[in-house]
Amino acid sequence: MDSTTPDTHTVRAAVALAVRAPSVHNSQPWQWHWGGRTVELRADACRRLRHTDPDGRDLLVSCGCALHHFTVAAAAMGWAARISRFPEPGLLARIDLVPHDTRDADIALAAAIPRRRSDRRPFDDRPLPARDEVVLRKSASDQGAELRVVTEAPHRSALTSAAAEAAGLHRADPDYEIELAAWSGRDHAPDGVPARNAVVALAPRPGLRIREFAGARLPDTAGPDGAVLTILAARGDTPLDRLRAGEAASAVLLTATRLNLASCVYSEPFELTSTRNLVRDCVLGGRLEPQLVVRVGYPPKDRPPLPATSRRPIGEVLRPLPRPRGVGLPIPERLRGR
Ligand SMILES: Cc1cc2nc3c(=O)[nH]c(=O)nc-3n(C[C@H](O)[C@H](O)[C@H](O)COP(=O)(O)O)c2cc1C
């Protein structure tokens, strides 16, 4: 290897940080391949949640989160990621790694990766400083998406109604419930939402109704949730828009963590066409496509930290790039010319 090609340790370390990205139900629906300066990201279609995510949006958004996490990790290790998205059928991204002068900001953002958690507990009602809100919105727009803060009462009410309606429709769907039970409630599995990270549902509180997971064990606190509600939206709803929305979600979540804000994303209101359309038309004025809800805010001061959720072993998700057809091992000298 020369100084223009990353070594195995660097690529493994960057992918190990990339897979700390959030994913729907912690399904980690990705597969990475690597050879030389090239890293490729594919969706692992076997991990799509058929009944939760019928149109595959959550899967692509999750892969987009991991893609952005990878670029952040690589930059902190001295490699810039040149990404081509959907360069060929079945391939989400081909990443070319080129040497890069690491800056303090790269390291600060990468340091947020292991600190970030999906925190579903209620937050304090301290407002976000205007400066932080601007920084969060810019982190989304730098990735081609829009982060819309939902402040006006009719908009908040439309969003919370859509979330409540989606939760009710899901509850009445046995296939959804079976899938949810398969992907949550275990603490020692390498994937899924662990019981210790899922909030016990108390009596419903005003505000955003969040997805209920099986076997939840994380104690909730009574009282209102002071979280700032935002919607991450894209101009369209193509596969590229969804992947980019995931990259933007990662940028927003890591930036929030760097600012010492707690956060969590939610997709339930956008998994059903009727509730998704409600948010698109009544909150986003029909102009933008909702991709994720992002809750951000300050955790109460005395709150215990959340444990990290598990990930699949790196050997399961990172493999060597298959050799192009016709390119084999070097032919030994003694066999040449035969
Ligand atoms: C596309 C997407 C959709 C998600 N939807 C929800 C959701 O509806 N409700 C929820 O509580 N968490 C949701 N999450 C958060 C995941 O459950 C979480 O990332 C995963 O369990 C891993 O935990 P961690 O983020 O703490 O590492 C979503 C994450 C992604 C990327």
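Counting convention: from 1, in listed order, for ligands and their atoms alike.
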Under 3.5 Å donor-acceptor, Arg276 side chain and Pro290 backbone: yes
Heavy-atom side-chain contact between Leu232 and Glu146 under 4.5 Å: no
Donor + acceptor pair across side chains of Tyr266, Arg211 (<3.5 Å): no
Donor-acceptor list for residues 256-264 side chains, cut-off 3.5 Å, not counting sequence neighbours:
from   : atom 1 : to     : atom 2 : distance (Å)
Thr257 : OG1    : Leu253 : O      : 2.8
Asn260 : OD1    : Arg115 : NH2    : 2.9

Could you give the N/O to N/O pairs under 3.5 Å linking ligand 1 and the protein, each with its distance?
from     : atom 1 : to     : atom 2 : distance (Å)
ligand 1 : 5 (N)  : Ser267 : N      : 3.4
ligand 1 : 5 (N)  : Ser267 : OG     : 2.9
ligand 1 : 8 (O)  : Arg211 : NE     : 3.2
ligand 1 : 8 (O)  : Arg211 : NH2    : 2.9
ligand 1 : 8 (O)  : Ser267 : N      : 3.1
ligand 1 : 11 (O) : Arg120 : NE     : 2.5
ligand 1 : 12 (N) : Arg120 : NH2    : 3.4
ligand 1 : 12 (N) : Val265 : O      : 3.3
ligand 1 : 14 (N) : Val265 : O      : 3.4
ligand 1 : 17 (O) : Arg120 : NH2    : 2.9
ligand 1 : 19 (O) : Ser23  : N      : 3.3
ligand 1 : 19 (O) : Ser118 : OG     : 3.4
ligand 1 : 23 (O) : Thr309 : OG1    : 3.2
ligand 1 : 25 (O) : Arg116 : NH1    : 2.8
ligand 1 : 25 (O) : Arg116 : NH2    : 3.1
ligand 1 : 25 (O) : Ser118 : OG     : 2.6
ligand 1 : 26 (O) : Ser118 : N      : 2.9
ligand 1 : 27 (O) : Arg116 : NH2    : 3.0
ligand 1 : 27 (O) : Thr309 : OG1    : 3.0
ligand 1 : 27 (O) : Arg311 : NH2    : 2.8

Under the salt bridge (charged side-chain N to carboxylate O under 4.0 Å, His left out) test, residues paired with Asp132 that sit two or more places apart: none
With sequence neighbours excluded, residues passing salt bridge (charged side-chain N to carboxylate O under 4.0 Å, His left out) with Glu88: Arg94
